[in-house]
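Being a predicted model, the structure only gives us computed values, none of them experimental.
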There are 2 protein chains.
Amino acid sequence: MAGFKGRADYAVDSKGRVAIPVKMRNALNPEAKNTFTITRGFEKCVFLYPLDRWEKMEEEIGSLNMYNRESRDFVRTILMWADEVKLDGQGRISLTKELMEFADLDDRALIIGALDHIEIWDPDTFDRYLNAQSDDYETLAERVLGV
Amino acid sequence: MAGFKGRADYAVDSKGRVAIPVKMRNALNPEAKNTFTITRGFEKCVFLYPLDRWEKMEEEIGSLNMYNRESRDFVRTILMWADEVKLDGQGRISLTKELMEFADLDDRALIIGALDHIEIWDPDTFDRYLNAQSDDYETLAERVLGV
DNA sequence: AGGCGTAGTGGGGATTTGTGGGGAACTCTC
DNA sequence: GAGAGTTCCCCACAAATCCCCACTACGCCT
């Protein structure tokens, strides 16, 4: 039930497979059935939602009114990139070509725990992302947490 | 029970047949019996409702106020073009000429999962549609998923 | 220190999927 | 009723996908 945390620098093999760290696999809710929904994330990374968490999201999406143009745009955009993936016998998932292209992934990937989901980054992209952050850790924390 | 998601760029063969991606076929409720109701969609695409879902749609339509002119227009349009199609042995459906013409389809089709229904787009039409969207992915997602 | 188990990595083979086409059955027209 | 045109069903094939097995490195336990 604990959230995902930690980070790992793993290989992406020629078939587009990435291992998920054991710590995160153990943090999986049994009802997630080793299944994730993988989709585009923010800032050029890939999001991985465990099944149980994704179902809540689908409920939210499903409750939108489809006769509203903006809702349709949103539903299409979100779902278009989503895909259901299962851990294989070795605890890996396989990325689609589209998502690898989107996140600029080649043969290395950074797996990052983010509480209710897992993020997959290209290491270089992540570096640039960190450097682009104007504020340091302390300042950020103060802005977000410090009332 | 999971909704339709994902996207695929598939061929439309000379007989007007399009394959439905396995992932979406697997998401089908057994009581849909591999049958869809196909009809005109919004924004020049074709909608594909699984049988079980379409029945709810009919209820919704039936509950509309028929003394309202716009309701009548809507109901006529959606029903006039509606047709029942079944997956063939290869998991394909065949499009009618009228719907292909309406959606500007020729030899390629974009199949997009949209939770309770499937959409079929002409690739160029879809490109134009995406470009016309005002908000980017992050903004859209934040609006609904961002608590 | 040695062995055992687990985690990350790689690859081969079987199966499935997307695609095209042929032929039977059915319909519509003349 | 014959012929042309459709529609439907089945077969075939190449490519992509999935599943399983094998290897190595590291840590833990005895």
Side-chain angles (χ1 to χ4, degrees), chain A residues 4-28 33-38 46 48 51 81-101 105-113 118 120-123, chain B residues 2 4-28 33-38 46 48 51 81-101 105-113 118-123:
Chain A
F4 302 113
K5 38 183 171 299
R7 64 167 247 169
D9 185 337
Y10 280 4
V12 180
D13 68 22
S14 56
K15 295 181 181 176
R17 295 176 299 188
V18 207
I20 301 299
V22 203
K23 282 175 190 169
M24 299 186 195
R25 270 185 260 162
N26 291 339
L28 267 180
K33 293 177 192 154
N34 288 343
T35 307
F36 294 89
T37 293
I38 190 171
V46 171
L48 218 50
L51 185 60
W81 305 110
D83 195 2
E84 209 167 278
V85 290
K86 260 189 98 167
L87 290 174
D88 68 6
Q90 276 62 40
R92 294 173 291 194
I93 55 132
S94 46
L95 302 164
T96 61
K97 286 189 202 69
E98 290 86 5
L99 286 173
M100 285 187 64
E101 215 168 286
L105 285 160
D106 39 358
D107 60 340
R108 290 259 111 202
L110 223 52
I111 323 286
I112 298 180
I118 296 172
I120 303 179
W121 291 75
D122 171 71
Chain B
F4 301 114
K5 49 180 163 291
R7 70 169 232 164
D9 186 337
Y10 279 4
V12 181
D13 68 21
S14 54
K15 296 179 183 178
R17 296 176 299 187
V18 206
I20 302 299
V22 208
K23 281 163 196 160
M24 299 185 195
R25 272 184 260 160
N26 290 339
L28 267 180
K33 293 177 190 152
N34 289 344
T35 308
F36 294 91
T37 295
I38 190 171
V46 172
L48 219 50
L51 187 58
W81 304 106
D83 198 0
E84 213 165 87
V85 290
K86 259 190 97 168
L87 289 174
D88 69 7
Q90 275 61 41
R92 293 173 291 196
I93 55 135
S94 45
L95 301 164
T96 61
K97 286 193 200 65
E98 289 86 5
L99 285 173
M100 285 188 65
E101 215 168 289
L105 285 160
D106 40 357
D107 61 339
R108 289 259 111 202
L110 222 53
I111 323 284
I112 295 182
I118 295 172
E119 303 188 352
I120 302 178
W121 290 75
D122 170 71

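Rounded to whole angstrom, the span from the CG atom of Asn26(B) across to the P atom of dT15(C) amounts to 18 Å. One atom, CG of Asp13(A), and another, P of dA22(D), lie 18 Å apart when rounded to the nearest Å. Here the P atom of nucleotide dG18(C) and the CZ atom of Arg108(B) are 12 Å apart, to the nearest Å. Summarising the geometry, the separation between CZ on Arg92(B) and C1' on dA12(D) is reported as 12 Å, rounded to the nearest angstrom. Whole-Å rounding puts the Lys86(B) NZ to dC10(D) P distance at 11 Å. Distance, Lys15(B) NZ to dT6(D) C1': 10 Å, rounded to whole Å. Straight-line distance from the CG atom of Leu87(B) to the P atom of dT17(C): 13 Å, rounded to whole Å. One atom, CG of Asp88(B), and another, P of dT19(C), lie 13 Å apart when rounded to the nearest Å.
Counting only heavy atoms from C-beta on, Ala11(B) has its side chain closest to dG20(C) among dG18(C), dT17(D), dG20(C). Nearest nucleotide to the Arg17(B) side chain, out of dC10(D), dA7(C), dG23(C): dC10(D). Listed candidates were dT17(D), dG23(C), dA7(C). Nearest to the side chain of Lys97(A) is dT17(D).
Side-chain N/O atoms of Gln90(B) and base N/O atoms of dC11(D) include a donor-acceptor pair closer than 3.5 Å.
Side-chain contact between Ile118(A) and Phe36(A) is present, with heavy atoms from C-beta onward closer than 4.5 Å. Residues Ile38(A) and Trp81(A) are not in side-chain contact: their nearest non-hydrogen atoms beyond the backbone lie 4.5 Å or more apart.
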Chi angles and distances behind the salt bridge (Lys or Arg N to Asp or Glu O under 4.0 Å) call for Glu84(A), Lys5(B): CA-CA 8 Å; Glu84(A) 209 167 278; Lys5(B) 49 180 163 291; 3.5 Å; yes
